[in-house]
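Side chains included, hydrogens not; waters and symmetry mates left out as well; all remaining heavy atoms used. Reminder, nothing fancy here: chain letters follow the sequence lines and each chain counts from 1.
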Amino acid sequence: MAKRASASRSHWLFKSEPETYGWQHLVRDRRTFWGGVRNFQARNLLRDSIKKGDGVLFYHSSAEPTAIVGVAEVVADGYPDPTQFDRASPYFDKDSPRDAPRWYCVDIVPVTALAVPLDRDRLRGEPALADMMLLKRGARLSVQPVTAAEWRTILRLGRVDA
DNA sequence: GCCAACGTTGGC
DNA sequence: GCCAACGTTGGC
């Protein structure tokens, strides 16, 4: 069993369109696999870097408003995304070999909603978040790293006791 | 609905 | 291995 390089957990931000799968769906399901991600950079994070115990900011994209709305936690390390082998799934990938899966997912559970959801204006107004990947032009990565400082700032602004 | 930014594909 | 064309993302 490999020990993590650091004792402290890592932090991430996951984007989702609330009409497809929003915070309310995660609360309803109480646990879900974060699958259907079809981008190699995000895949690498899901497969190699995102670990059980890590913290996740849940972000609603293409929404009104677009906002960070909740905190989740990773409860299973990366494993092959089952939807890539499911012919009935919109995420089916005929080119992904069974013995060398191309796409990965992790499992997450909801921890708490932000008492104050943080929309983009609110995030942009916070100097401590000036370098957040989410706020960078053209940052489309749907699974992205969040620094410990950004994490603390967002939980404070969102009135999350942690 | 628009369109800028980006990732992927495929011709060469 | 380059790069134009294409498809997608996602804020506005």
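Following rounding to the nearest Å, Leu13(A) (CG) and dT9(C) (C1') show an atom-to-atom distance of 15 Å. Note: CH2 (Trp103(A)) to P (dG7(B)) measures 13 Å, nearest angstrom. Atom CD in Glu17(A) sits about 9 Å away from atom P in dG11(C), given to the nearest Å. Taking atom CG of Leu134(A) as the reference point, atom P of dT9(C) lies 16 Å away to the nearest angstrom. Met133(A) has its CE atom 12 Å from the P atom of dC6(B), to the nearest Å. Look at CZ on Arg102(A): it is 10 Å from P on dT8(B), rounded to the nearest Å. Whole-Å rounding puts the Arg140(A) CZ to dG11(C) C1' distance at 12 Å. When rounded to the nearest whole Å, the span between CZ of Arg120(A) and P of dG10(C) equals 10 Å.
Across dG7(B), dC12(C), dG11(C), the shortest atom-to-atom separation from the side chain of Gln41(A) is found for dG7(B).
Ionic pairing of Asp119(A) and Arg122(A) is not present here: no N-O contact between side-chain nitrogen and carboxylate oxygen is shorter than 4.0 angstrom. Under 4.0 Å is where a charged nitrogen must lie from a carboxylate oxygen, and between Asp93(A) and Arg38(A) no such pair does.
Here the options are Asp107(A), Leu46(A), Val106(A), the test is side chain to side chain contact (heavy atoms under 4.5 Å, CB included), and the partner is Tyr79(A); only Asp107(A) passes.
Counting only residues at least two apart or in different chains, ring pair (Phe, Tyr, Trp, His ring centres under 6.0 Å) contacts with residues 48-72 of chain A comprise Trp23(A)-Phe58(A), Trp34(A)-Phe58(A), Phe58(A)-His60(A).
The stretch residues 32-40 of chain A comes close to DNA chain B through Asn39(A), Phe40(A), each having a heavy atom under 4.0 Å from the strand.
Of the side-chain N and O atoms in Tyr59(A), none sit less than 4.0 angstrom from OP1 or OP2 of dT9(C). Phosphate contact (OP1/OP2 of dT9(C), side-chain N/O of Lys15(A), threshold under 4.0 Å): absent.
Not counting sequence neighbours, Tyr91(A) has no partner by the ring pair (Phe, Tyr, Trp, His ring centres under 6.0 Å) test.
Within a 6.0 Å sphere centred on CZ of Arg159(A), other residues, nucleotides and ligands contribute 12 heavy atoms or fewer. Open room surrounds CD on Gln41(A); 12 or fewer heavy atoms of other groups in view lie less than 6.0 Å from it.
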